[in-house]
Number of protein chains: 2
Amino acid sequence: MLRISKLTDYAVVLATELASGTAPRSVTRLSAITGIPAPTTSKVLKSMTRAGLVDSVRGKTGGYRLSRPADRISVAELIRAIEGSIAVTECADENDGYVCSLQGDCGVRANWQRINRAVEEALESVRLSDMAVPNSPLVPLLRSQDEAEEKRHAEALEVENHG
Amino acid sequence: MLRISKLTDYAVVLATELASGTAPRSVTRLSAITGIPAPTTSKVLKSMTRAGLVDSVRGKTGGYRLSRPADRISVAELIRAIEGSIAVTECADENDGYVCSLQGDCGVRANWQRINRAVEEALESVRLSDMAVPNSPLVPLLRSQDEAEEKRHAEALEVENHG
DNA sequence: CAAATACAGGACTCAGCCGGTCCTGATTGA
DNA sequence: TCAATCAGGACCGGCTGAGTCCTGTATTTG
């Protein structure tokens with residue numbers, strides 16, 4: 001799993017759609033285009049508005065439009081808009097006043113926080129404009145040659161064990 | 001959010017503990033050490049056993065122990081052991097026979113899959129042995145200087161909008 | 001001004017699953 | 001044989017994710 005919510009997925013789809021024009025489009029319209037149920041579409045867009053990612057225009061010719069160019073909106077921001085903060089583990093949420101019920105000094109905690117940062121930064125680097133392109137060269141996460149090599153090794157081992 | 005489950009967190013904690021020795025340790029023992037409730041500890045270890053990450057030994061002197069050296073077990077494997085597959089979005093799950101209810105050719109889908117891969121590879125590169133060390137230099141995910149620069153820029157903008 | 005169209009902001013519901021417990025075997029060491 | 005241990009379920013309660021709906025407010029248009 002390691003899931004992001006369905007609503008977040010919708011947010012990305014809607015944002016991608018909005019990226020294709022500048023005139024505000026209504027919930028009804030966007031719902032029809034994307035296939036996302038109207039009330040849900042509305043709900044998602046409201047969250048995005050509060051997060052400052054889209055602007056809303058009321059009245060007869062109103063609707064929603066991106067508040068910034070698509071290359072200035074990151075996937076991480078979209079996730080945050082819908083889900084609050086990005087925290088892989090409860091104890092990795094740096095904003096939260098969470099107290100761990102397990103043994104006090106589990107060194108694991110600090111490491112989760114770093115993994116979390118890593119994931120967050122990866123998502124930060126993917127922009128809405130990248131998502132709009134069907135096969136853009138996204139996030140070249142693999143770092144060095146040798147790390148890739150080690151990885152392949154680990155995967156090979158794993159196959160042995162699973163197969 | 002973008003959460004992994006609490007159980008997965010437990011799995012990492014337990015595995016980390018197991019990494020500190022080779023003799024099998026019982027659920028009771030591990031529960032006492034980690035602070036994780038015994039039945040839950042048992043449940044998690046059973047999943048890990050099925051996934052081939054730990055070996056179980058029955059009988060009076062039985063218990064659990066790692067099936068491999070800690071540097072041969074990745075965080076990704078632990079996650080998979082508990083949560084099945086690693087899939088950021090439902091539609092990004094390559095194993096699943098999921099049919100998207102939205103409009104047919106959303107280019108977003110392929111991109112989610114790639115983000116997913118990126119995250120998965122990042123988690124694959126983090127090993128249990130890394131988690132055991134309080135402050136190991138984990139996943140240097142940031143790639144190039146300029147990307148980091150652009151990121152900072154985006155964050156600055158975001159602060160403006162939130163403040 | 002009045003009507004129609006849109007968004008804003010909640011309250012509300014329903015289902016799924018996560019976290020947790022417990023029970024009944026099977027296995028093994030003493 | 002007895003006690004300790006794991007195996008494999010069933011089971012349950014509560015949270016929250018996904019979705020709907022209702023009331024209010026803003027804006028355009030005739």
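Computation of the quantities below employed the complete heavy-atom set of this structure, encompassing side-chain atoms and omitting hydrogens, waters and symmetry-equivalent molecules. Each chain gets a letter, A, B and so on, in the order the sequences are listed, and its residues count up from 1.
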**Student:** Among the nucleotides dA8(C), dG19(D), dG19(C), which one has an atom lying closest to any side-chain atom of Y10(A)?
**Tutor:** dG19(D)
**Student:** About how many Å separate OG of S26(A) and NZ of K60(A), when rounded to the nearest 0.5 Å?
**Tutor:** 13.0 Å
**Student:** Please name all residues satisfying side-chain hydrogen bond (donor to acceptor under 3.5 Å, both in side chains) with T8(A), sequence neighbours left out, ordered by chain then number.
**Tutor:** S5(A), E83(A)
**Student:** Where the side chain of T28(B) is concerned, which of dA18(D), dT5(D), dC21(D) is the nearest nucleotide?
**Tutor:** dT5(D)
**Student:** So which nucleotide from dC21(D), dA4(D), dT5(C) ends up closest to the side chain of K60(A)?
**Tutor:** dT5(C)
**Student:** Hey, are S74(B) and E124(B) close enough side-chain-wise for a donor-acceptor pair under 3.5 Å?
**Tutor:** yes
**Student:** Is the distance from OP1 or OP2 of dC6(D) to the nearest side-chain N or O of S26(B) less than 4.0 Å?
**Tutor:** no
**Student:** Salt-bridge test for R68(A) and E77(A): reply yes if a basic N is under 4.0 Å from a carboxylate O, no otherwise.
**Tutor:** yes
**Student:** Is there a donor-acceptor contact under 3.5 Å from the side chain of R127(A) to the main chain of D71(A)?
**Tutor:** yes
**Student:** What nucleotide, of dG8(D), dG19(D), dC7(C), holds the atom closest to the side chain of K46(B)?
**Tutor:** dG8(D)
**Student:** With respect to the side chain of T61(A), which nucleotide from dG20(C), dT29(D), dT21(C) is positioned closest?
**Tutor:** dT29(D)
**Student:** Please evaluate the base of dT25(D) for a donor-acceptor partner in the side chain of R58(A) within a cut-off of under 3.5 Å?
**Tutor:** yes
**Student:** At 4.0 Å (heavy atoms only), tell me whether R50(B) reaches a base, stays on the sugar-phosphate, or touches nothing.
**Tutor:** sugar-phosphate
**Student:** dA6(C) phosphate, OP1 or OP2: any side-chain N/O from S56(A) under 4.0 angstrom?
**Tutor:** no
**Student:** Using the side-chain heavy atoms of L7(B), tell me which of these nucleotides is nearest: dT28(D), dC6(D), dG19(C).
**Tutor:** dG19(C)
**Student:** Write down the distance between CD1 (I36(B)) and C1' (dG20(C)), rounded to a whole number of angstrom.
**Tutor:** 13 Å
**Student:** According to a strict under-4.0 Å criterion, is Y64(B) in side-chain N/O contact with OP1 or OP2 of dT5(D)?
**Tutor:** no
**Student:** Looking at every strand, decide which applies to S42(B) at a 4.0 Å heavy-atom threshold: base, sugar-phosphate, or nothing.
**Tutor:** nothing
**Student:** Roughly how many Å is it from CZ in R29(B) to P in dC6(D), rounded to a whole number?
**Tutor:** 12 Å
**Student:** On DNA chain D, does the nearest nucleotide to S5(A) precede the nearest nucleotide to G59(B) from the 5' side, or the other way round? Give the residue.
**Tutor:** G59(B)
